[in-house]
Enquirer: 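Just passing along the structure, written as structure tokens.
Bear in mind the structure is a predicted one, so any value in this text is a computation, not a measurement.
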Amino acid sequence: MEEFDSPDLLKEFKHQWDIITRGAVDVLPEGEFEDKLKKSIKENQPLRVKQGFDPTSPDIHLGHTVGIRKLKQFQDLGHKIVLIVGDYTALVGDPSGQSATRKPLTHDEVMYNAETYQTQFFKVLDRSKTEVRFNGEWFKEMSFTDIMHLATKFTVARLLERDDFTKRMRRGIPISIHELFYPLMQGYDSVAIKASVEIGATEQTFNLLAGRTIQEAYNVEPQLVLTMPILIGLDGEMKMSKSLGNYIGIDEPAREIFGKAMSIPDELIYNYFELATDATAERLVKIKQALSQPDVNPMTIKKQLGEKLVDMYHPNGAGKQAREEFERVFSKKQLPDDMPTKTAAQLADLEIDPKKIYLVHLIAKSGLAKSNSEARKLISAGGVSLNGDKVTDVDYEFELAEETVLKVGKRRFLKICPN
RNA sequence: GGUGGGGUUCCCGAGUGGCUAAAGGGAGCAGACUGUAAAUCUGCCGGCGUAGCCUUCGGAGGUUCGAAUCCUCCCCCCACCA
């Protein structure tokens with residue numbers, strides 16, 4: 001244990017420790033973590049806190065923000081944040097939590113995603129205090145000998161003992177050799193940037209700990225590991241992920257963020273407050289209490305959640321506005337404030353004749369349905385209306401004479417006007 | 001390397017020459033009821049201006065009037081053997 005004589009230092013440590021461990025699942029190894037933090041404070045030497053993101057999709061969602069917001073807390077405490085954009089690891093694909101090999105991305109896709117990632121990161125983090133590194137920086141320099149050397153640091157047995165691999169083996173789903181390299185690559189990132197702490201979701205525990213092993217093998221002081229809970233997606237079952245489509249993207253319009261928040265199962269309300277918002281400990285206690293009272297409709301609290309989430313990623317006041325709009329559109333079944341609009345000329349561009357609009361085409365070509373067949377199904381299911389009048393005739397055609405509002409399902413709108 | 005068993009639509013899984021765009025379940029979408037929650041019920045659930053066509057049963061060829069189904073080669077998974 002470090003000697004910690006000054007009460008000021010001790011107070012600072014307690015303050016930091018409290019913030020850092022809040023919401024975390026594991027802090028490994030605990031004693032070592034405390035010592036390292038104390039040393040950092042005493043010597044005024046910030047920790048290098050790392051988290052990596054593979055730019056496999058263009059959207060950062062609330063699931064990612066669980067880790068990013070933890071980074072932000074470290075940042076606010078004066079520590080150094082190092083974001084790794086995994087341009088090379090993305091080409092391999094992290095097998096964590098995967099039931100099948102990820103499909104490889106092209107370099108162009110990766111670079112495009114990496115670009116949009118960065119702007120999204122800085123909706124939470126302070127750009128000027130963040131170091132962003134692409135891991136291609138070191139991987140593209142490695143020779144085959146270097147790679148083989150890296151591969152000697154880990155045994156097959158250790159890699160295969162992971163749950164993800166065990167499950168895949170048992171179910172007869174292929175595992176490619178290159179996927180075994182993922183933890184090694186992630187670990188080597190920690191060597192390259194000399195990470196002192198790495199953050200990740202609990203499913204990352206193996207990779208994070210592998211980082212320690214690799215660092216030691218390369219004579220770098222092993223990093224500390226901090227794991228955060230996995231945020232459950234909108235379906236209430238699976239982890240939030242882009243590929244499952246059960247996510248709230250931080251770049252989404254206010255209305256979407258709010259609407260999606262409203263669609264989560266009630267049991268997840270507290271969870272979202274805790275993991276995805278900056279609600280204070282006192283606020284969380286109040287929320288928990290309110291949710292346990294039978295006379296409180298969880299919907300009201302869910303609305304607070306939606307409002308909060310919108311405010312985090314949109315200008316102030318957007319949350320309230322989104323809530324009001326939601327109430328207007330869904331509770332009172334009125335029209336939204338603003339909706340996508342197409343003029344006669346724009347319709348003509350879509351090859352729709354404003355004088356004789358074939359409803360099926362209008363729905364499909366304006367993107368309110370994926371295909372004509374889909375549009376037809378929606379019409380015959382009674383999910384389509386024009387100016388509030390339900391249309392059930394699949395062959396319906398009409399002339400665009402006045403401003404008309406097309407509604408498809410509960411939440412898709414399109415306004416079309418003659419000029 | 002050998003022998004045997006497998007690979008079916010988003011997922012699981014039935015189907016072993018035409019009746020098969022392919023049973024059933026799950027997921028999803030829409031409708032009713034609601035709080036865009038849950039539960040329940042109903043409909044849809046490859047594409048095309050709905051008419052027959054086109055695409056789809058690991059991949060590529062072939063047999064046949066006709067193939068998810070038969071043959072050949074290849075790829076992948078599993079079991080046992082080496």
Enquirer: Are A:K308 and A:D278 within salt-bridge range, i.e. N to O under 4.0 Å?
Expert: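 Counted as a salt bridge, because a side-chain N and a carboxylate O are separated by less than 4.0 Å.
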Enquirer: From B:U36, B:C29, B:C48, pick the nucleotide closest to the side chain of A:S373?
Expert: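 The answer is B:C48, which lies nearest to the side chain.
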Enquirer: Could you please name the option among B:G49, B:U36, B:C48 that lies closest to any side-chain atom of A:S331?
Expert: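 Taking heavy atoms from C-beta onward, the closest nucleotide is B:U36.
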Enquirer: Suppose you measure atom P in B:A68 against the same atom in B:A60; what distance do you get, rounded to whole Å?
Expert: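 13 Å, rounded to whole Å.
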Enquirer: Could you tell me how far B:G59 sits from B:U69 if I compare only their P atoms? Round to whole Å.
Expert: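 Rounded to whole Å, the distance is 10 Å.
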Enquirer: For nucleotides B:G15 and B:A23, find the distance between their P atoms and express it as a whole number of Å.
Expert: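 Approximately 13 Å lies between the P atom of B:G15 and that of B:A23.
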Enquirer: Between A:M299 (CE) and B:A38 (P), how many Å, whole number?
Expert: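 It is 14 Å, rounded to the nearest whole Å.
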Enquirer: Who is the Watson-Crick or G-U wobble partner of B:U16, with both distances under 3.5 Å?
Expert: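 Matched B:U16 with nothing under the 3.5 Å cut-off.
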Enquirer: Which nucleotide in the list B:G47, B:U50, B:A32 gets nearest to the side chain of A:K390?
Expert: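 Out of B:G47, B:U50, B:A32, the nucleotide with an atom closest to A:K390's side chain is B:A32.
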Enquirer: Between C1' on B:U36 and NZ on A:K260, what's the gap in Å once rounded to a whole number?
Expert: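 Rounded to the whole Å, the gap is 12 Å.
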Enquirer: Rounding to an integer number of angstrom, what distance separates B:G13 and B:C19 when you compare their P atoms?
Expert: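 Rounded to whole Å, the distance is 25 Å.
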Enquirer: Between B:G35 and A:D266, counting only base atoms on the nucleotide and side-chain atoms on the residue, is there a donor-acceptor pair under 3.5 Å?
Expert: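 Side chain to base: pair present.
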Enquirer: If I take atom CD in residue A:E327 and atom P in nucleotide B:U36, what distance separates them, rounded to the nearest angstrom?
Expert: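 About 10 Å, once rounded to whole Å.
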Enquirer: When rounded to the nearest Å, what value does the distance between C1' atoms of B:G58 and B:U9 take?
Expert: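 After rounding to an integer number of Å, I get 14 Å for this pair.
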Enquirer: Without decimals, in angstroms, what is the distance between A:E374 CD and B:A30 P?
Expert: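 A:E374 atom CD is separated from B:A30 atom P by 9 Å.
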Enquirer: State the pairing partner of B:C80; accept Watson-Crick or G-U wobble contacts with both distances under 3.5 Å, and report none otherwise.
Expert: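 Pair assignment: B:C80 / B:G2.
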Enquirer: Side chain of A:E397 only, heavy atoms from C-beta on: which candidate in B:A30, B:G49, B:A37 is closest?
Expert: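 Selected nucleotide (nearest to the side chain): B:G49.
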Enquirer: Across all strands shown, which nucleotide pairs with B:C29 by Watson-Crick or G-U wobble geometry, both distances under 3.5 Å?
Expert: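 Paired with B:C29, as far as the under-3.5 Å criterion goes, is B:G43.
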Enquirer: Looking only at atom P, what distance separates B:C10 and B:A22, rounded to whole Å?
Expert: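 My reading of the P atoms in B:C10 and B:A22 gives 15 Å.
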Enquirer: Is there ring stacking between A:F330 and B:G35, where the centres must be under 5.5 angstrom apart and the planes under 30 degrees?
Expert: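 A:F330 ring does not meet the centre or angle cut-off for B:G35; no stack.
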Enquirer: Roughly, in whole Å, what's the span from CG in A:D235 to P in B:A38?
Expert: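 It is 10 Å, rounded to the nearest whole Å.
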Enquirer: Would you kindly say whether A:Q204 and A:T227 are connected by a side-chain donor-acceptor distance under 3.5 Å?
Expert: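 No - no donor-acceptor pair under 3.5 Å links their side chains.
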Enquirer: Can you measure A:E237 atom CD to B:G26 atom C1' for me and round it to whole angstrom units?
Expert: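 That distance rounds to 11 Å.
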Enquirer: Cationic tip of A:K288 within the cone over A:Y270's six-membered ring, i.e. under 6.0 Å and within 45° of the normal?
Expert: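 Because its charged atom sits under 6.0 Å from the ring centre and within 45° of the axis, A:K288 does stack over A:Y270.
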Enquirer: Measure from the side chain of A:F326, starting at C-beta and using heavy atoms only, and say which of B:C48, B:G49, B:U36 lies closest.
Expert: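 Side chain of A:F326 sits closest to B:U36.
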Enquirer: Using whole Å, what does the distance between atom P of nucleotide B:A38 and atom CE of A:M262 come to?
Expert: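 My rounded result for the distance is 12 Å.
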Enquirer: Over how many whole Å does the gap from A:K377 atom NZ to B:G28 atom P extend?
Expert: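 In whole Å, B:G28 P lies 17 Å from A:K377 NZ.
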Enquirer: In terms of the angle between their ring planes, are A:H61 and A:Y247 parallel, tilted or perpendicular, with boundaries placed at 30° and 60°?
Expert: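 It falls in the tilted class, 30° to 60°.
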Enquirer: When the C1' atoms of B:C70 and B:U64 are considered, how many whole Å apart are they?
Expert: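 Approximately 9 Å lies between the C1' atom of B:C70 and that of B:U64.
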Enquirer: Of the nucleotides B:G35, B:A30, B:U36, which one has an atom closest to the side chain of A:L378?
Expert: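 Side chain of A:L378 sits closest to B:A30.
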Enquirer: Can you tell me the Watson-Crick or wobble partner of B:U63, both distances under 3.5 angstrom?
Expert: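 No nucleotide pairs with B:U63.
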Enquirer: With no hydrogens and no angle check, do the side chains of A:Q186 and A:N207 hold a donor and an acceptor under 3.5 Å apart?
Expert: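 Yes, A:N207 and A:Q186 have a side-chain donor paired with an acceptor closer than 3.5 Å.
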Enquirer: Over 60° means perpendicular and under 30° means parallel, so classify the ring planes of A:Y117 and A:F121, tilted if in between.
Expert: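 Answer is perpendicular, since the angle exceeds 60°.
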